[in-house]
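Following: one structure in structure tokens, then a few remarks.
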Amino acid sequence: MTDGDERSSSTHRTASGDVDADAPADDDAPALPDEDVDAVREALVGWYGESHRDFPWRRTDDPYEILVSEVMSQQTQLGRVVEAWEAFVDRWPTAAALASADRSDVVSFWTDHSLGYNNRAKYLHEAAGQVQTEFDGEFPETPAELSELMGVGPYTANAVASFAFNNGDAVVDTNVKRVLYRAFDVPDDDRTFERVASNLMPDDESRVWNNAIMELGGVACGKTPRCDEEGCPWRRWCRAYETGDFTAPDVPTQPTFEGSRRQFRGRIVRTLGEYDELTVDELGPRIRVDYAPDGEHGREWLRGLLSDLADDGLVDVVERDGESAARLRR
DNA sequence: TTCCCGTATT
DNA sequence: AATACGGGAA
């Protein structure tokens with residue numbers, strides 16, 4: 001669940017007049033004057049209706065298929081997700097089918113399709129199991145229940161509830177934050193984003209609304225805005241369009257990937273997907289050319305990575321002839 | 001090089 | 001509150 005019911009604090013932004021995020025007199029004050037809220041809503045839904053991209057997961061309301069698409073989309077650009085999603089739901093068409101699969105197969109699929117964080121493949125597999133064991137094979141339908149599934153946080157819970165059941169609250173991802181921040185000067189504060197997003201969403205229209213506002217953030221209001229090119233439906237209300245200041249909320253910067261332990265974890269998982277089992281010294285040279293058993297990046301270093309991967313439940317480390325060997329966990 | 005990005009864990 | 005987590009694409 002999102003923390004939608006907390007209304008206590010403190011962010012006041014009345015100065016510019018176009019957002020009253022937390023007015024003392026009326027906690028649920030809309031982001032715009034009443035007469036404009038309807039127009040803002042209609043403009044966005046209308047724009048989405050006539051111009052949205054036609055992704056395959058937008059043609060299904062199967063919650064399992066939606067969940068798969070959301071988990072993939074959290075980490076990978078949508079263009080690349082299409083092929084992977086089709087192959088995934090083709091291979092494991094239902095939550096029950098996925099739950100019966102070997103974890104190693106799901107993780108290898110993830111890696112083979114360059115889907116990033118392989119922990120999420122594990123979560124998805126685990127969530128499919130939860131649907132069988134904790135929900136009796138009936139896919140949960142509310143954000144609160146969906147949140148109980150492994151790997152499903154506030155964003156994904158509301159996305160699946162919305163797109164499968166038209167039953168979600170407003171999603172708040174970085175697209176939504178950027179759009180609200182630019183258009184209505186909403187301050188960069190998670191609680192405020194949630195409240196404004198929730199107030200802006202028309203009742204019982206989470207499916208089209210959440211699709212539309214994220215489409216806006218992805219197509220017209222990305223880091224580089226394309227307001228006129230994409231015919232942004234909010235130009236007449238948009239603070240950024242008016243002022244020319246398209247600053248977006250800060251996104252935390254990442255440590256470099258090249259040479260990182262994440263990179264080598266990825267290589268280990270990829271390599272182990274190609275073999276039944278490898279000893280540490282067989283594995284080492286396959287993940288870095290300068291592997292030397294007693295060198296700086298040798299057994300010690302590699303065993304550390306393997307031990308973390310084992311803690312994550314992705315790898316098993318076994319003893320074979322007094323030597324450590326690794327394999328993907330089934 | 002930088003960007004993308006939600007969740008779990010600590 | 002901070003950190004770990006993948007890897008292709010822009």
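Everything quoted here is computed from the prediction, not taken from an experiment. A, B, ... follow the sequence lines: proteins, then strands. Residue 1 opens every chain.
- Ion pair A/Asp189/A/Arg191 not flagged as a salt bridge, since none of the NZ, NE, NH1 or NH2 atoms sits closer than 4.0 Å to an Asp/Glu carboxylate oxygen.
- Distance noted for atom P between C/dA10 and B/dC5: 14 Å (whole Å).
- Atom pair A/Gln75:CD and C/dG7:C1' shows a separation of 10 Å (rounding to whole Å applied).
- Contacts with DNA chain C (heavy atom under 4.0 Å) in residues 265-274 of chain A: A/Arg265, A/Gly266, A/Arg270, listed by number.
- Salt bridge annotation for A/Arg330-A/Asp102: present, with a cationic side-chain nitrogen under 4.0 angstrom from a carboxylate oxygen.
- Annotation: A/Glu323, atom CD; neighbour count of heavy atoms from other residues, nucleotides and ligands within 6.0 Å is above 12.
- Annotation for A/Gly217 and A/Val179: closest pair CA-CG2, 3.6 Å, computed over non-hydrogen atoms.
- The distance between the ring centers of A/Phe109 and A/Trp92 falls below 6.0 angstrom.
- A/Phe193 and A/Tyr181 have tilted rings, their planes meeting at an angle from 30° to 60° on a 0 to 90° scale.
- In this structure, CD of A/Glu83 is placed 17 Å from P of C/dG7, rounded to the nearest angstrom.
- Here A/Lys177 does not pair with A/Asp188 in a salt bridge; the nearest charged N to carboxylate O distance is not below 4.0 Å.
- Rounded to whole angstrom, the span from the CD1 atom of A/Ile287 across to the P atom of C/dG6 amounts to 14 Å.
- For A/Arg235 and A/Asp228, the salt-bridge test passes: some basic side-chain N is under 4.0 Å from an acidic carboxylate O.
- Protein atom CE of A/Met72 is 17 Å distant from nucleotide atom P of B/dG6, rounded to whole Å.
- Distance from the side chain of A/Arg80 is smallest to C/dG7 among B/dC5, B/dT7, C/dG7.
- Using modelled atom types, one finds no donor on one side chain facing an acceptor on the other under 3.5 Å when comparing A/Ser114 with A/Arg80.
- Heavy-atom distances under 4.0 Å link DNA chain B to A/Val251, A/Gln254 of residues 249-261 of chain A, given in residue order.
- One finds a salt bridge joining A/Asp281 and A/Arg299 here, because a Lys/Arg side-chain nitrogen approaches an Asp/Glu carboxylate oxygen to under 4.0 Å.
- A distance of about 14 Å separates the P atoms of C/dG6 and B/dT9, rounded to the whole Å.
- Here C/dA4 presents its C1' atom at 13 Å from CG of A/Asp311, a figure rounded to the nearest Å.
- We find that CE of A/Met214 is positioned 15 Å from C1' of B/dC4, with the value rounded to whole Å.
- Here A/Val152 lies in heavy-atom contact (under 4.0 Å) with sugar-phosphate atoms only.
- Between A/Asp173 atom CG and B/dT7 atom C1' there is a gap of 14 Å when expressed in whole angstrom units.
- Rounded to whole angstrom, the span from the CG atom of A/Asp308 across to the P atom of C/dT3 amounts to 17 Å.
- The stretch residues 112-133 of chain A comes close to DNA chain B through A/Tyr117, A/Arg120, A/Tyr123, each having a heavy atom under 4.0 Å from the strand.
- For A/Thr76, no side-chain nitrogen or oxygen approaches OP1 or OP2 of B/dC5 to under 4.0 Å.
- Under the 30°/60° scheme for interplanar angles, the aromatic rings of A/Trp301 and A/His297 are found to stand perpendicular.
- Using cut-offs of 30° and 60° on the angle between ring planes, the pair A/Phe88 and A/Trp110 is perpendicular.
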